[in-house]
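FYI, side chains are in, hydrogens and waters are out, and symmetry mates aren't considered; it's all heavy atoms of this structure.
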Amino acid sequence: MDISIENFILKERFNETEAIKLISKAGFSKLDYSFYSPKTVNELIEGKNFNALKIREIMSDYGIKCNQAHAPFLLNYPQKTDLTEKNFEIIVKSIEAAATLGAEHIIIHAINVPANVNFEEYNLKFYLNLQKYSEEFGIKIAVE
């Protein structure tokens, strides 16, 4: 049986490698990688995913696989949902990094909107704008 755990608190408290060691030692075989910080996303993408590839290698060394990831919670209404918006670009980078880590899914939370804005229409546009990146990097977007 595979058991997964989210890694945000451990990697923030210790470091990437120590968090993976602790997760493995505790008996987990899967990891839900957290991109809650834009800094984390940028670090993993620098150098053509070098850091993400290194983390994937460390996970492999400890018998851990990344089964899913969580994108950062960066977008707020009325920010744009395309690459002209820096926070949208960071979410796209998190999709790339999650795919490099081996995740099959990345959870991307919907954007809260004011009462006078149609939630479904606004978020449908948001997710449709992410679809091409999901396809490009071979990872599914999950909604939570």
Side-chain angles (χ1 to χ4, degrees), residues 1-83 85-114 117 119-144:
M1 173 172 51
D2 288 320
I3 302 173
S4 180
I5 188 170
E6 192 269 334
N7 71 331
F8 180 72
I9 293 172
L10 288 174
K11 72 179 179 155
E12 291 296 307
R13 185 171 226 184
F14 301 102
N15 61 50
E16 294 278 3
T17 302
E18 189 63 27
I20 292 166
K21 285 181 192 177
L22 290 168
I23 288 167
S24 176
K25 187 175 179 179
F28 293 94
S29 56
K30 303 279 179 151
L31 184 142
D32 176 350
Y33 197 93
S34 172
F35 294 105
Y36 293 153
S37 162
K39 179 182 174 217
T40 299
V41 176
N42 288 328
E43 287 172 354
L44 292 178
I45 292 298
E46 286 175 3
K48 295 186 179 178
N49 294 317
F50 171 76
N51 291 327
L53 289 171
K54 177 128 177 94
I55 291 167
R56 185 174 179 167
E57 183 181 303
I58 294 167
M59 287 189 298
S60 179
D61 290 346
Y62 286 94
I64 301 288
K65 290 186 179 181
C66 181
N67 62 318
Q68 70 178 29
H70 269 82
F73 301 88
L74 296 174
L75 287 176
N76 297 298
Y77 181 85
Q79 288 176 299
K80 293 180 183 175
T81 58
D82 59 40
L83 289 177
E85 170 58 53
K86 181 68 176 164
N87 286 335
F88 183 87
E89 181 184 13
I90 291 170
I91 291 172
V92 170
K93 286 181 178 182
S94 74
I95 294 170
E96 180 182 2
T100 302
L101 289 171
E104 295 177 20
H105 303 90
I106 183 163
I107 298 161
I108 301 176
H109 290 261
I111 301 168
N112 289 325
V113 298
V117 175
F119 177 86
E120 289 83 12
E121 285 180 19
Y122 188 85
N123 279 285
L124 177 60
K125 179 183 173 191
F126 169 52
Y127 288 112
L128 287 174
N129 286 343
L130 291 170
Q131 182 177 358
K132 62 184 165 196
Y133 305 106
S134 168
E135 292 169 354
E136 178 182 345
F137 299 117
I139 186 169
K140 295 176 183 132
I141 294 175
V143 179
E144 187 176 90

Test salt bridge (charged side-chain N to carboxylate O under 4.0 Å, His left out) on E135 and K132 and set out the steps.
-> CA-CA 5 Å; E135 292 169 354; K132 62 184 165 196; over 6 Å; no

Donor-acceptor pair, side chain of [X] and main chain of [Y], under 3.5 angstrom:
| X | Y | value |
| --- | --- | --- |
| N129 | T81 | yes |
| N7 | S34 | yes |
| E12 | I9 | no |
| H109 | E144 | yes |
| S24 | I20 | no |

Nearest 0.5 Å please: distance from the [atom1] atom of [X] over to the [atom2] atom of [Y].
| X | Y | atom1 | atom2 | answer |
| --- | --- | --- | --- | --- |
| F35 | I90 | CZ | CD1 | 12.5 Å |
| K11 | T17 | NZ | OG1 | 12.0 Å |
| K25 | L22 | NZ | CG | 7.5 Å |
| I58 | L53 | CD1 | CG | 11.0 Å |
| F73 | I107 | CZ | CD1 | 8.5 Å |
| N67 | H105 | CG | NE2 | 9.0 Å |

If the plane angle is over 60° it's perpendicular, under 30° parallel, otherwise tilted; pick one for H70 and Y36.
->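 Rings of H70 and Y36: perpendicular, as their planes differ by over 60°.
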
Please name the pair of heavy atoms, one in [X] and one in [Y], separated by the smallest distance, quoted to 0.1 Å.
| X | Y | answer |
| --- | --- | --- |
| K30 | I23 | O-CG2, 4.5 Å |
| I139 | A103 | CD1-O, 3.5 Å |
| Y127 | A110 | OH-N, 3.0 Å |
| V113 | F119 | CG2-CA, 3.7 Å |
| F137 | A99 | O-CB, 3.4 Å |
| L74 | N87 | O-ND2, 3.5 Å |

Salt-bridge present (K86, E89; N to O < 4.0 Å) |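 The answer is yes: the pair qualifies as a salt bridge.
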
Any [X] side-chain heavy atom under 4.5 Å of [Y] side chain:
| X | Y | value |
| --- | --- | --- |
| V92 | L130 | yes |
| I141 | I106 | yes |
| L31 | Y62 | no |

L83 vs F88, side-chain contact (heavy atoms from CB on, under 4.5 Å): CA-CA, chis, key distance, verdict | CA-CA 6 Å; L83 289 177; F88 183 87; 3.9 Å; yes

Report the C-alpha distance between D32 and I5 in whole Å, list the side-chain angles of each, state the deciding distance to 0.1 Å, and finish with yes or no for side-chain contact (heavy atoms from CB on, under 4.5 Å).
-> CA-CA 6 Å; D32 176 350; I5 188 170; over 6 Å; no

Do other residues, nucleotides or ligands put more than 12 heavy atoms under 6.0 Å from K65 NZ?
->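 Result for NZ/K65: open.
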
Test side-chain contact (heavy atoms from CB on, under 4.5 Å) applied to E136 and I95, step by step = CA-CA 10 Å; E136 178 182 345; I95 294 170; over 6 Å; no

Partner of Y33 under side-chain hydrogen bond (donor to acceptor under 3.5 Å, both in side chains), chosen from Q68, R56, E16 |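 Only match with Y33 under side-chain hydrogen bond (donor to acceptor under 3.5 Å, both in side chains): E16.
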
